[in-house]
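Letters go in sequence order (proteins before strands), and every chain restarts at 1.
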Number of protein chains: 2
Amino acid sequence: MGGMALGKDYATQECSIARALEIVGERWTLLVVRDALYGVRRYNDFLVHLGIPRAVLAARLQALTAEGILEKRRYQQSPPRDEYVVTDRGAALWPTLRALGRWGREHLGEEQLRVFRHVSCGTELGSYGECPHCATVVPVADVLMEPGPGLDPEPADPVSRALLTPRRLLQPLETPSA
Amino acid sequence: MGGMALGKDYATQECSIARALEIVGERWTLLVVRDALYGVRRYNDFLVHLGIPRAVLAARLQALTAEGILEKRRYQQSPPRDEYVVTDRGAALWPTLRALGRWGREHLGEEQLRVFRHVSCGTELGSYGECPHCATVVPVADVLMEPGPGLDPEPADPVSRALLTPRRLLQPLETPSA
DNA sequence: ACCATTGATTCGTTCATTGAACCTATGAGG
DNA sequence: CCTCATAGGTTCAATGAACGAATCAATGGT
């Protein structure tokens with residue numbers, strides 16, 4: 001199938017976690033998926049927001065597309081331009097990212113950088129992305145993201161600035177790009 | 001503090017997920033934590049179960065200890081021998097690993113390799129590690145792990161064999177070691 | 001003709017991973 | 001006392017991946 005070059009797979013492991021990490025466990029990969037869930041779709045937006053080397057970004061986008069986590073789609077013909085959109089399989093990584101982010105905040109002693117709420121009731125999400133109030137798993141598209149108290153209110157790059165306004169996950173990001 | 005050498009951190013990222021990945025995002029690290037949650041504690045048991053290079057294992061154990069995810073403790077004096085035990089901070093990574101494993105099984109088309117149940121009622125855990133019957137999030141120590149239908153019933157190494165018997169998470173693994 | 005934008009590829013340097021070999025401390029057996 | 005076995009590592013050369021700067025390609029605007 002895709003890459004799976006030497007040393008990239010956990011050969012001896014008979015484990016779903018290991019299989020998952022073979023796909024999304026490389027450096028930068030989960031941050032690309034995170035940005036995609038936040039609504040980032042364009043090569044240049046990933047680039048400036050992540051501060052990732054261009055070659056690595058190209059490799060990750062290709063690998064994620066090959067694995068069906070992102071989908072490459074042409075959004076304009078006349079200078080041919082492509083964007084990368086999360087698929088259902090990619091959106092299904094939300095609970096993992098939510099759990100990881102929550103662990104990071106609770107155990108690395110940070111201020112809250114982003115707040116995630118159930119859009120229909122306003123309740124803040126639990127560790128796995130569930131709504132404690134409604135006692136249901138919140139679909140990714142119904143998650144509202146707001147800036148938390150610890151987040152820089154005047155970030156340098158336009159993508160970070162666009163991500164300051166409260167927005168639903170998956171909602172495509174509009175970049176001023178000027 | 002510990003490592004954080006050049007290129008190991010996601011410098012521009014103001015994000016709890018990125019902070020978390022700086023600690024547990026390197027190759028092998030989450031599998032070491034997984035094994036620790038399964039009850040593996042000894043250098044040699046990690047080694048044979050993971051098939052990890054010795055130098056990398058030593059580096060990861062040291063880093064995880066420095067970050068307070070594992071605790072190094074002497075379990076016998078006379079030939080001085082140490083074991084690595086998960087701390088609360090390490091156990092708090094369970095939701096992340098649970099979410100990742102679930103994604104791996106559901107989206108990479110695998111048979112179920114391990115089954116996790118609420119020990120007090122026997123109900124299989126839901127998508128986000130909760131008990132559907134008791135309607136609570138199950139503490140890590142109350143999770144019962146059993147082999148699933150897809151798991152090899154006659155594995156080669158003694159650690160995998162010891163992990164075949166139903167057991168609670170965190171419960172120390174007894175290795176026949178002969 | 002020239003410059004700007006978007007989405008990349010190429011390339012030399014640096015860093016991390018790998019696997020084999022070696023080292024240390026101790027105890028057991030002969 | 002000598003040797004082997006065990007547990008827990010360290011050292012090293014070779015390979016692979018990441019980094020960042022430079023370049024390229026297609027198009028459109030002025």
Side-chain angles (χ1 to χ4, degrees), chain A residues 2-12 21-22 25-32 40-65 70 72-85 158-159 173 175-178, chain B residues 2-13 21-22 25-32 40-65 70 72-85 157-159 173 175-178:
Chain A
M4 196 115 341
L6 283 148
K8 208 168 151 185
D9 60 325
Y10 299 102
T12 69
L21 286 172
E22 287 174 3
E26 287 174 300
R27 185 156 160 74
W28 294 110
T29 302
L30 277 177
L31 293 184
V32 172
V40 176
R41 296 182 167 192
R42 314 249 272 251
Y43 183 93
N44 254 293
D45 288 346
F46 285 110
L47 199 69
V48 307
H49 190 232
L50 291 172
I52 183 178
R54 308 177 86 89
V56 177
L57 177 59
R60 295 296 180 273
L61 290 174
Q62 231 187 294
L64 286 169
T65 302
L70 299 181
K72 188 174 186 168
R73 82 162 59 132
R74 182 139 299 184
Y75 68 89
Q76 92 181 8
Q77 292 296 340
S78 191
R81 295 280 182 266
D82 296 318
E83 61 182 4
Y84 296 89
V85 185
V159 178
L173 190 72
T175 17
S177 94
Chain B
M4 197 113 344
L6 285 149
K8 208 168 151 184
D9 60 325
Y10 299 103
T12 69
Q13 292 300 304
L21 287 172
E22 286 174 2
E26 288 174 301
R27 185 156 160 74
W28 294 110
T29 302
L30 276 177
L31 294 184
V32 172
V40 177
R41 295 184 166 191
R42 314 249 271 252
Y43 184 93
N44 254 295
D45 288 346
F46 285 109
L47 201 68
V48 306
H49 190 231
L50 291 171
I52 184 178
R54 307 176 85 90
V56 177
L57 177 58
R60 296 295 182 272
L61 290 174
Q62 230 187 297
L64 287 169
T65 302
L70 298 180
K72 188 173 185 168
R73 83 162 58 133
R74 182 140 299 184
Y75 67 90
Q76 92 182 9
Q77 292 296 341
S78 191
R81 295 280 182 266
D82 297 318
E83 62 183 2
Y84 295 88
V85 186
D157 71 284
V159 178
L173 189 72
T175 16
S177 94

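- Looking at the side chain of B:Asn44, the nearest of the listed nucleotides C:dA8, C:dT26, D:dG8 is D:dG8.
- Rounding to whole angstrom units, CG of residue B:Asp9 and P of D:dC19 are separated by 10 Å.
- Contact annotation for A:Ala59: no contact, since no heavy-atom pair falls under 4.0 Å across all strands.
- Proximity of A:Trp28 to the phosphate of D:dC19: a side-chain N or O atom is located under 4.0 Å from OP1 or OP2.
- Residues B:Arg42 and B:Tyr75 have side chains that bring a donor and an acceptor to within less than 3.5 angstrom of each other.
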For B:Leu50 and B:Trp28, what are the C-alpha separation, side-chain angles and deciding distance, and is it a side-chain contact (heavy atoms from CB on, under 4.5 Å)?
CA-CA 8 Å; B:Leu50 291 171; B:Trp28 294 110; 4.2 Å; yes
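- Taking atom CD of residue B:Gln62 and atom P of nucleotide D:dG9, one finds them 9 Å apart after rounding to whole Å.
- Counted within 6.0 Å of CD on A:Glu83, heavy atoms from surrounding residues, nucleotides or ligands total more than 12; the atom is thus considered enclosed.
- Separating the CG atom of A:Leu57 from the P atom of D:dA18 is a distance of 12 Å, rounded to the nearest angstrom.
- The side chain of B:Tyr75 contributes an N or O atom lying less than 4.0 Å from OP1 or OP2 of D:dG8.
- With hydrogens and angles left out, the side chain of A:Arg27 and the base of D:dA18 share no donor-acceptor pair within 3.5 Å.
- Taken to the nearest 0.5 Å, the CZ atom of B:Arg73 stands 11.5 Å off from the OG1 atom of B:Thr65.
- In this structure, CZ of B:Arg60 is placed 4 Å from P of C:dT17, rounded to the nearest angstrom.
- Under 4.0 angstrom from either OP1 or OP2 of D:dA18 there lies no side-chain N or O belonging to B:Tyr10.
- Considering only side-chain atoms of B:Arg81, the nucleotide from D:dG20, D:dG8, C:dA8 that sits closest is D:dG8.
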